[in-house]
Amino acid sequence: MLSDNKGSRNQGFVLIYLIFSLSVITFLINISVKEINYRQSINNDRNLYETIRLVNDAFQDSYLVECYSNPNTTPIITLEKLKLEGFLDDSINIEVIFDSQKIPPRTLLMTRYTLHSNRVALKLKALFSTVQAEVDENTLSLTFHLNTQISDQILLENRINHSQPCTQS
């Protein structure tokens, strides 16, 4: 009779040990999943920042090419046009609206990006410290001065005579 009691105590200890081990393993998995999600979120934000930076640079280059090619017209830029003219890779897919405003003696370029959340828009606003950045719900608006220094490579690729004035800036 004593031996039966000792066996059931061992089984109870094994059960408690198993439950404790499963709790620790579940806790560690939970921490790991949170860390992986956090790192993935940071990586996604960084990739989105780089995409927006590329789109802004392409917008500026395309605007200048249009401005130098047709100095008396205001360039109309779209994402599809940037892709078609080779300023952007076809794989870039982001919802954006382009605009420009001439305030002599400078030209302001504006981009408005619709993002999937306000949190992402606020994070990206903090990263764009060199331009005027505003957030309205899940929309990030960036305003920056047109840099009239056009690269020689862009001039050659688009057969532009640099001596021709760009009257938009």
Side-chain angles (χ1 to χ4, degrees), residues 30-169:
N30 196 11
I31 289 174
S32 299
V33 167
K34 284 182 182 179
E35 181 66 22
I36 289 169
N37 288 340
Y38 175 74
R39 288 178 189 262
Q40 187 175 11
S41 172
I42 288 174
N43 201 23
N44 289 344
D45 293 346
R46 189 175 300 131
N47 290 340
L48 188 55
Y49 169 78
E50 285 301 317
T51 298
I52 290 173
R53 196 181 59 72
L54 284 172
V55 170
N56 283 348
D57 290 348
F59 175 36
Q60 183 162 267
D61 290 344
S62 178
Y63 189 95
L64 281 172
V65 166
E66 286 287 322
C67 188
Y68 277 107
S69 300
N70 305 305
N72 298 323
T73 61
T74 301
I76 298 172
I77 310 293
T78 64
L79 189 63
E80 291 75 27
K81 183 178 179 182
L82 293 176
K83 292 177 182 181
L84 188 66
E85 293 178 349
F87 289 100
L88 281 177
D89 188 71
D90 286 338
S91 66
I92 291 185
N93 189 17
I94 190 166
E95 192 174 326
V96 60
I97 297 172
F98 300 101
D99 198 8
S100 63
Q101 185 178 12
K102 189 175 179 185
I103 303 174
R106 307 217 81 190
T107 298
L108 293 177
L109 300 181
M110 293 152 295
T111 50
R112 218 169 34 247
Y113 298 91
T114 303
L115 305 170
H116 60 275
S117 75
N118 180 263
R119 178 196 64 80
V120 171
L122 290 170
K123 271 184 156 182
L124 290 171
K125 177 186 176 186
L127 294 174
F128 284 100
S129 59
T130 59
V131 300
Q132 181 183 344
E134 296 175 10
V135 171
D136 181 25
E137 294 184 18
N138 64 335
T139 302
L140 174 66
S141 300
L142 302 174
T143 303
F144 50 98
H145 291 282
L146 175 66
N147 180 359
T148 56
Q149 299 300 317
I150 191 167
S151 76
D152 292 335
Q153 178 184 357
I154 292 172
L155 289 171
L156 288 172
E157 287 175 358
N158 293 281
R159 297 180 182 92
I160 296 173
N161 180 356
H162 194 277
S163 61
Q164 186 179 13
C166 177
T167 57
Q168 293 296 316
S169 59

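No hydrogens, no waters, no symmetry mates; every other heavy atom, side chains included, goes into these values.
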Residues Arg119 and Asp45 bridged, charged N to O under 4.0 Å: yes
d(Leu88 CG, Leu54 CG) to nearest 0.5 Å is 7.0 Å
Does the side chain of Leu127 come within less than 4.5 Å of Ile52's, by heavy atoms? no
Once rounded to the nearest 0.5 Å, what's the spacing between atom CG of Leu146 and atom OG of Ser100? 9.0 Å
The criterion is ring-ring contact (aromatic ring centres under 6.0 Å, His included); which residues satisfy it with Phe144, sequence neighbours excluded? none
In Å and rounded to the nearest 0.5 Å, what is the CD to OG1 distance from Gln101 to Thr107? 9.5 Å
Less than 4.5 Å apart, side chain to side chain, heavy atoms only: is that true for Lys123 and Ser41? yes
Would you confirm whether Thr51, through its side chain, and Asn47, through its main-chain N or O, come within 3.5 Å as a donor-acceptor pair? yes
Distance (rounded to the nearest 0.5 Å) between Leu142 CG and Lys125 NZ: 10.5 Å
Scan residues 111-136 for pairs that pass ring pair (Phe, Tyr, Trp, His ring centres under 6.0 Å), counting only residues two or more places apart or in two chains. Tyr49-Phe128
Among residues at least two apart in sequence or on other chains, which ones pass side-chain contact (heavy atoms from CB on, under 4.5 Å) with Glu137? none
CD on Glu66 to CD1 on Ile76, rounded to 0.5 Å: 9.0 Å
Minimum-distance pair of heavy atoms, taken over all atoms of Pro75 and Cys67: CG-N, 4.1 Å
Set of residues satisfying salt bridge (Lys or Arg N to Asp or Glu O under 4.0 Å) with respect to Arg53, sequence neighbours excluded: Glu50, Asp57
Ser91 meets the side chain to side chain donor-acceptor pair (under 3.5 Å) criterion, sequence neighbours left out, with Asp89
Answer yes or no: is there a side-chain heavy-atom contact under 4.5 Å between Arg39 and Asn43? no
For Asn138, which residues count as a side chain to side chain donor-acceptor pair (under 3.5 Å) partner, sequence neighbours excluded? none
Measure the CD1-CG distance between Ile97 and Leu79 for me, rounded to the nearest 0.5 Å. 11.5 Å
How far apart are the closest heavy atoms of Ile77 and Ser62, and which atoms are they? CD1-OG, 3.3 Å
Minimum side-chain heavy-atom gap His145-Leu108 below 4.5 Å: yes
Please tell me if the side chains of Leu48 and Ile94 come closer than 4.5 Å, counting only heavy atoms from C-beta onward. yes
If we only count heavy atoms from C-beta on, is the Val96 to Phe59 side-chain gap below 4.5 Å? no
Pairwise side-chain contact, Gln60 with Leu109, heavy-atom cut-off 4.5 Å (strictly under): yes
